[in-house]
Number of protein chains: 2
Amino acid sequence: MALLGADVRLTPHRREVFEVLASSTDHPTATDVFDRAKVRSPGISLATVYNCLEHLTSAGLIKQVHLERGQSRYCANLHEHVHFHCETCGKVIDAHPAADFDPAKFWNLPKGTKVTRMDIAIHGTCDACAQKDL
Amino acid sequence: MALLGADVRLTPHRREVFEVLASSTDHPTATDVFDRAKVRSPGISLATVYNCLEHLTSAGLIKQVHLERGQSRYCANLHEHVHFHCETCGKVIDAHPAADFDPAKFWNLPKGTKVTRMDIAIHGTCDACAQKDL
DNA sequence: ATTAGAATTAGAATGATTCTAATATCTCAT
DNA sequence: ATGAGATATTAGAATCATTCTAATTCTAAT
């Protein structure tokens, strides 16, 4: 299977890990993925989950997200998007940019700089938590 | 000393850690700060450096930056800026936004969401490394 | 069927950070 | 100035996420 990057042999475990992510919208961590994958692939190990996540990431099938220190999170949403992170409940929500958004032009990067990727994380309080805090 | 957040008592170690950061533009990690602080404060311990970094961060005097997994980095540049991270040499460069830039309006965040902070990391290759790769 | 190259595994090792419990130091009311 | 209580600092242990290692199993092409 090749989409954006190198090929990956789609072994049963890699497929399982990919499907867990494809059916999750909550940006699970490696251990979250492990717990969910075990339901249908009881023998899978955490080491294999890490290994699968790494291969799927470098093949461009999933993305690794760093929102805060601690565990990395993963997502299978390949559309350009940013992450909203609720600092109260920890929830992560994908937000999609307006059609005419061209982020690179807003910053004065040194001449010669090549951009390959942009990580945008917006931190704050989600609607539900904002209500509670009142 | 109070600037943006809670007060911090500015003890000699905290001042030293702050000054190390204020005189660095390379976004040092905790151990980098530890090494530099030892020059003038030989007795300081890594635990104290972590402690100082945490207090200074929550007082709003410095910022913690997460560009990749592994060590956190810290910076004392409180102006609004984004980080360019060279994936080849690891260098981090601050880039400042155009005056009229209002990032929040570009994303459709759910109604009721409150934004407190935005982390923007641009990954790629810096000019120097791009030259070498040719 | 045979075999080289991947994939998978359990468990050990690592690296960054956080915790703990014991001093040391500071601040403030006396 | 003095002593009590609060805060800061320390070394080292503990934790957590991840990566590594070495052994085993699977796969796909001869």
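A note on names: the letters A, B, ... follow the listed sequences, proteins ahead of strands, and every chain is numbered from 1.
A:Leu53 is listed as a side-chain neighbour of A:Leu21, based on a closest heavy-atom distance under 4.5 Å. Residues A:Ile122 and A:His85 are not in side-chain contact: their nearest non-hydrogen atoms beyond the backbone lie 4.5 Å or more apart.
A:Arg69 pairs by the salt bridge (Lys or Arg N to Asp or Glu O under 4.0 Å) definition with nothing, not counting sequence neighbours. Looking at residues two or more places apart in sequence or on another chain, you find a salt bridge (Lys or Arg N to Asp or Glu O under 4.0 Å) between B:Asp119 and B:Arg117. Residues satisfying the side chain to side chain donor-acceptor pair (under 3.5 Å) test with A:Glu54, not counting sequence neighbours, are none. The side chain to side chain donor-acceptor pair (under 3.5 Å) check on A:Arg15 picks up nothing, with sequence neighbours excluded. Remark: B:Asp26 pairs with B:Arg36 by the salt bridge (Lys or Arg N to Asp or Glu O under 4.0 Å) rule, at least two apart or across chains. For A:Arg40, the salt bridge (Lys or Arg N to Asp or Glu O under 4.0 Å) test picks out A:Glu16, A:Glu19, with sequence neighbours left out.
Between the side chain of A:Ser41 and the backbone N or O of A:Ile44, no donor-acceptor pair lies under 3.5 Å.
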Donor-acceptor pairs under 3.5 angstrom involving side-chain atoms of residues 89-97 of chain A: please list them, not counting sequence neighbours.
unit_1  : atom_1 : unit_2  : atom_2 : d
A:Asp94 : OD1    : A:His27 : NE2    : 2.6
A:Asp94 : OD2    : A:Asn77 : ND2    : 2.8
A:His96 : ND1    : A:Glu80 : O      : 3.3

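Distances shown here put every side-chain N or O of B:Arg69 at or beyond 4.0 Å from the OP1 or OP2 atom of D:dA17. Contact annotation: A:Tyr50 reaches the phosphate of D:dT18 (side-chain N/O to OP1 or OP2, under 4.0 Å).
No donor-acceptor contact under 3.5 angstrom links the side chains of B:Thr48 and B:Asn51, judged on distance only. A donor-acceptor contact under 3.5 angstrom links the side chains of A:Thr116 and B:Glu87, judged on distance only.
Residues in residues 43-79 of chain A take part in no ring-ring contact (aromatic ring centres under 6.0 Å, His included) pair, two or more places apart or across chains.
A nucleotide of DNA chain C counts as in contact with chain B when one of its atoms lies under 4.0 Å from a heavy atom; the first and last such, 5' to 3', are C:dA16 to C:dC26.
The strand DNA chain D forms stems, runs of 3 or more Watson-Crick or G-U wobble pairs with distances below 3.5 Å, at C:1-30 with D:1-30.
A:Leu46 has its CG atom 10 Å from the P atom of D:dA17, to the nearest Å. Straight-line distance from the CD atom of A:Gln64 to the C1' atom of D:dA17: 12 Å, rounded to whole Å.
For the contact set between residues 26-34 of chain B and DNA chain C, defined by any heavy atom under 4.0 Å, the members are B:Ala30.
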Anything under 3.5 Å between a protein N or O and an N or O of nucleotides 5-9 of chain D, put it in a table, one pair a line.
unit_1 : atom_1 : unit_2  : atom_2 : d
D:dA8  : OP1    : B:Arg14 : NH1    : 2.7
D:dA8  : OP1    : B:Arg14 : NH2    : 3.1
D:dA8  : O5'    : B:Arg14 : NH2    : 3.4
D:dT9  : OP1    : B:Thr11 : OG1    : 2.9

